[in-house]
Structures are given as C-alpha cells and as structure tokens.
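Below you'll find the structure, written out as structure tokens, and then a few comments.
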Amino acid sequence: MIRRMKWLPEAACSHIGNFYDNAEFIDGKNSGTANRKIKRNQEMKGAGEQACIKLFCDQWWKSGFAKQILTKKITTPMFVKYSEEEEGHYSFHNDVPMMGGKDNCVRSDYVMVTGINDASEYEGGGLQVRLGSETYEYRLGKGECVFFDPNQWHAVTPVTKGVRKVVIMWVETLIQDEYVRELIYDYQDLMDFAMESIDLNHWTADIEPATYFNAIKYKLMRKYANNF
C-alpha cells in the first residue's frame, strides 16, 4: 500500500523550514550506512531539532490521519536534507523491522516521508518506491507525505540543484496483520466517501450513519488490534 496526502499545514512547514537555515546538521551515517556511495544526506541535531520535534509531533497527534490509521507509536521524527553540493541521495534499500532507540523502539509498519519545502525548489531528489518490477517516483509538495510499507525497496535520486528538506518517521499501528491493516484503511476510505454521499432524508435506520459505520470498524479492531 502506498498513500499520498497533504497533512502538515504550510505554516508549520515554513516554521520548521526556518530551522533548516540555522540549525546544526551532521552526516546521515548515524541512522544508516556510512558508505557515502549509498547514502549521502544530513540530519538536524541540537536545540533546533528539539523545537522541530515538538512542533511536528504536536501536529501529527492532532491530525485526523494519525487517528484514521490507528497509530500506536511513532519514532522520533528525523529532519533530513539532501543538498546540491554533495549530490545528496540514498540508493535503493529497505528498513529494518524495528526502528528507534532503546527507549522508543517501534515496529515499523509504515515509513512516512513528509516534504518541508516544495519540490519546485530543487531538482532531482525524487522518492522512488519499487513494487515488483515497477518503480514509482514521487516529488513532494510542501506538507505532503508519502506513506508506505518500509519492506518495499525505496531510494532518493541525487539532488542536482537546491536542497530537498524532508521529515522521516516510522509508525507502529495497533494492527500487526498487514492484510487486516489495509482492509481497515480501505474501509475507512469507503466510510468517508459514503458519509459525503448519504442523503440523510433517505436514511431510515434509527442509528446515525457514522455510528453505524464505526461499529463495524470497532468489531474489526476488537478482533485484530493488540496492545491498546
């Protein structure tokens, strides 16, 4: 499953983006391979990072999407940049099943990449995700994310002009079974579409529509969710 959506307000992106201009950055080898032929990016550290973490996480936990996907835990978000000067890139890889430090270990059901600046501000830097024999490339708008299974091979093509600024975070949900997880998300999509289309003048049940739909999702959750 790959989902693409805009969730982070542009004002929050601009605020976080200001820290990219002044904050301390270190080599991205701390969160992956030190082989710069494979990975060449930089990660924010220090006081600026802490301010960005608070802002980003506050936005995430109050977002409708966090609730919709039944988020249980998240890793500490990483504020990453790929710059023209070093042709920032990340060759094809997939992510380990457990992410985060000892005190914040998360089963990586999904990886989420959120754009802090718009793709029009740099060249190259496309996020590639490979499904079977096909490779799809995504260039993110400001506040837009791509959300996908980290078992899939994925890469970032070299940035040839400007700076690509993104936030990377891994998400553990209440549902470990990936088939059921996708079924519940598809059901949520169907519910949203149906709620926009229902004419309440023709709804004859004595239970309000959203309550009716949620009852079905709750049954699935009671059967398959773990560690509420």
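At least one side-chain heavy atom of Q59 sits under 4.5 Å from a side-chain heavy atom of K62. Side-chain contact between N117 and Y122 is present, with at least one heavy-atom pair separated by less than 4.5 Å. Using a 4.5 Å heavy-atom cutoff, the side chains of V163 and V159 are not in contact. You'll find the side chain of T71 reaches within 4.5 Å of the side chain of I74, heavy atoms only. Residues R222 and L220 fail the side-chain proximity criterion, which asks for heavy atoms closer than 4.5 Å. Side-chain contact check for I184 versus L70: some heavy-atom pair is nearer than 4.5 Å. A heavy-atom distance below 4.5 Å is not found between the side chains of V111 and M169. Contact check for L174 versus Y224: no side-chain heavy atoms found under the 4.5 Å cut-off.
Across all their heavy atoms, G126 and T157 have their closest contact at N-OG1, 2.8 Å. Nearest heavy atoms, P209 versus L200: CG-CD2, 3.6 Å. Minimum interatomic distance between V113 and R164 (heavy atoms only, all atoms of both residues): CG1-NH2, 4.0 Å. Closest non-hydrogen pair, C105 versus K73, comes out as O-NZ, 2.9 Å. In terms of heavy-atom proximity, S14 sits nearest to K142 at OG-NZ, 2.8 Å. Of all the heavy atoms in G115 and L140, the pair that sits closest is N-CD1, 3.7 Å.
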* Begin with the C-alpha distance, continue with both residues' side-chain angles, and end with the deciding distance and a verdict on side-chain contact (heavy atoms from CB on, under 4.5 Å) for I16 and L55. => CA-CA 8 Å; I16 293 172; L55 174 58; 3.6 Å; yes

* N226 and M221: CA distance, side-chain angles, deciding distance, side-chain contact (heavy atoms from CB on, under 4.5 Å) verdict -> CA-CA 8 Å; N226 54 63; M221 289 174 64; over 6 Å; no

* To do: Using the salt bridge (Lys or Arg N to Asp or Glu O under 4.0 Å) rule, take K165 and D118 through it: C-alpha gap first, then chi angles, then the decisive distance, then the call.
  => CA-CA 9 Å; K165 305 171 184 177; D118 191 80; over 6 Å; no

* Dump the intermediate steps for side-chain contact (heavy atoms from CB on, under 4.5 Å) on Q152 and R130, then the final yes or no. => CA-CA 6 Å; Q152 303 296 340; R130 182 170 292 167; over 6 Å; no

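In this structure, CG on D149 lies 9.5 Å from CD on E182, to the nearest 0.5 angstrom. D27 contributes atom CG, which lies 8.0 Å from atom NZ of K39 (distance to the nearest 0.5 angstrom). Summarising the geometry, atom CG belonging to D95 is positioned 6.5 Å from atom OG belonging to S108; distances are rounded to the nearest 0.5 Å. In this structure, CZ on R181 lies 8.0 Å from CD on Q176, to the nearest 0.5 angstrom. Atom OG1 of residue T76 and atom CD1 of residue I53 lie 5.5 Å apart, to the nearest 0.5 angstrom. In this structure, CE on M112 lies 8.5 Å from CE on M5, to the nearest 0.5 angstrom.
No donor-acceptor distance shorter than 3.5 angstrom exists from the side chain of E86 to the backbone of G88, with no hydrogens or angles considered. A distance-only check finds no donor-acceptor pair linking the side chain of Q188 to the backbone of Y185 [under 3.5 Å]. For Y187 (side chain) and I216 (main-chain N/O), no donor-acceptor pair under 3.5 Å exists by modelled atom type. Panel note: side chain R40, backbone R36; a donor-acceptor pair is recorded below 3.5 Å. In this structure, the side chain of H93 engages the main chain of H154 through a donor-acceptor pair within 3.5 Å. With hydrogens and angles disregarded, no donor-acceptor distance shorter than 3.5 Å links the side chain of R3 to the backbone of F148. Within the 3.5 Å criterion, the main-chain N or O of L131 finds no donor-acceptor partner in the side chain of E134. E172 places a side-chain N or O within 3.5 Å of a backbone atom of R107 that can act as its donor or acceptor partner. Listed for the Y20 side chain is a donor-acceptor partner under 3.5 Å among the backbone atoms of V80. T211 contributes no side-chain N or O that, together with a main-chain N or O of I207, makes up a donor-acceptor pair within less than 3.5 Å.
Figure legend: K81 and F25 shown as a cation-pi pair, the cationic atom lying under 6.0 angstrom from the six-membered ring centre and within 45 degrees of its axis.
More than 12 heavy atoms of other residues, nucleotides or ligands lie within 6.0 Å of NZ in K217, so this atom counts as buried by the packing criterion. Residue-environment remark: CZ (F92) exceeds the threshold of 12 foreign heavy atoms within 6.0 Å. At most 12 heavy atoms of other shown residues, nucleotides or ligands fall within 6.0 angstrom of atom CD in E178.
At a cut-off of 3.5 Å, with distance as the only test, a side-chain donor of Q128 or E137 sits close to an acceptor on the other residue. Side-chain contact annotation: T33 with N35, donor-acceptor N/O pair under 3.5 Å absent. T173 and D109 form a side-chain donor-acceptor contact under 3.5 Å, judged by distance and modelled atom types alone. Looking at Y82 and N41, their side chains do bring a donor and an acceptor atom within 3.5 Å of each other.
Applying the side chain to side chain donor-acceptor pair (under 3.5 Å) test to residues at least two apart or on different chains, the pairs with a partner in residues 43-53 are S31-E43.
Criterion: ILVMFWY side-chain heavy atoms under 4.5 Å apart, direct or through other members. Under it, I175 and V171 are part of a common hydrophobic cluster. Under the 4.5 Å side-chain heavy-atom criterion for Ile, Leu, Val, Met, Phe, Trp and Tyr, L8 and I69 are members of the same hydrophobic cluster. Taking hydrophobic clusters as Ile, Leu, Val, Met, Phe, Trp and Tyr residues chained together by side-chain heavy-atom distances below 4.5 Å, M99 shares a cluster with L127. In this structure, W170 is a member of the same hydrophobic cluster as V146, with clusters built from ILVMFWY side-chain heavy atoms closer than 4.5 Å. Taken together through direct or relayed side-chain contacts under 4.5 Å among Ile, Leu, Val, Met, Phe, Trp and Tyr, I168 and M44 form parts of separate hydrophobic clusters.
Taking the side chain to side chain donor-acceptor pair (under 3.5 Å) definition, one finds that N18 meets it with nothing, sequence neighbours left out. Partners of F147 under the ring-ring contact (aromatic ring centres under 6.0 Å, His included) rule, at least two apart in sequence or in another chain, are F65, Y110.
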